Amino acid sequence: MSGVIVLVELESSTEVLDAGEVDVGARIRWVHAAPPDPDVPEDPGPVTFCGIDTRDLEREPYRPAGPGEPWYPPSQRTRRCRACEAALKAL
């Protein structure tokens with residue numbers, strides 16, 4: 001599916017390493033899809049297909065290999081945003 005930029009919503013987690021030190025890691029909460037920015041097609045537009053601001057999301061390098069491939073990384077199937085998916089199917 002061309003014209004879709006895949007983004008991930010991260011869930012922050014903190015782990016105390018030593019007194020006063022904190023390691024902030026992140027895990028994927030949801031995988032979202034966004035249309036490309038019309039002026040800069042390599043960048044996502046301002047909001048995902050489900051309406052989330054893309055500035056708060058991380059870019060996922062995954063791109064579908066060809067027709068019939070999912071818009072999301074197959075390893076993240078259970079974390080795909082159903083609202084983004086519904087919007088994509090309605091296009």
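Given the structure is predicted, the values throughout are model-derived calculations rather than measurements.
Between the side chain of Thr54 and the backbone N or O of Pro46, at least one donor-acceptor pair lies under 3.5 Å.
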Practice task
Assess whether side chain to side chain contact (heavy atoms under 4.5 Å, CB included) is satisfied between Trp30 and Val8, documenting all intermediate values.
Solution key: CA-CA 6 Å; Trp30 295 109; Val8 293; over 6 Å; no
Practice task
Go through the steps to decide whether Glu9 and His32 satisfy the test side chain to side chain contact (heavy atoms under 4.5 Å, CB included), and finish with yes or no.
Solution key: CA-CA 7 Å; Glu9 180 180 350; His32 297 280; 2.8 Å; yes
Exercise for the section: With side chain to side chain contact (heavy atoms under 4.5 Å, CB included) as the test, would you mind laying out the steps for Trp71 and Glu85 before giving the verdict? Expected result: CA-CA 8 Å; Trp71 62 268; Glu85 188 163 70; 3.4 Å; yes
Problem - Verdict with supporting geometry, Ile52 and Val47, side chain to side chain contact (heavy atoms under 4.5 Å, CB included) - result: CA-CA 5 Å; Ile52 294 176; Val47 295; over 6 Å; no
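Shown here are the salt bridge (charged side-chain N to carboxylate O under 4.0 Å, His left out) partners of Glu60, two or more places apart in sequence or in another chain: there are none.
Nearest approach of Val31 to Gln76, heavy atoms of both residues: CG2-CB, 3.6 Å. Contact record, Pro64 with Pro70: CG-O, 3.6 Å, taken as the closest heavy-atom pair. In terms of heavy-atom proximity, Arg77 sits nearest to Tyr72 at CA-CE1, 3.7 Å. Heavy atoms only, all atoms of each residue included: Glu42 and Ile5 are closest at O-CD1, 3.8 Å.
By the 6.0 Å contact criterion, CZ on Arg59 is enclosed, its count of non-hydrogen atoms from other residues, nucleotides or ligands being greater than 12.
A 4.5 Å side-chain heavy-atom check between Ile28 and Leu10 finds at least one atom pair inside the cut-off. A heavy-atom distance below 4.5 Å is not found between the side chains of Pro36 and Asp43.
Hydrophobic cluster membership is shared by Tyr62 and Val4, with clusters built from Ile, Leu, Val, Met, Phe, Trp and Tyr side chains linked at under 4.5 angstrom. Note on Leu91: it clusters hydrophobically with Val6, by side-chain heavy-atom contacts below 4.5 Å among ILVMFWY residues.
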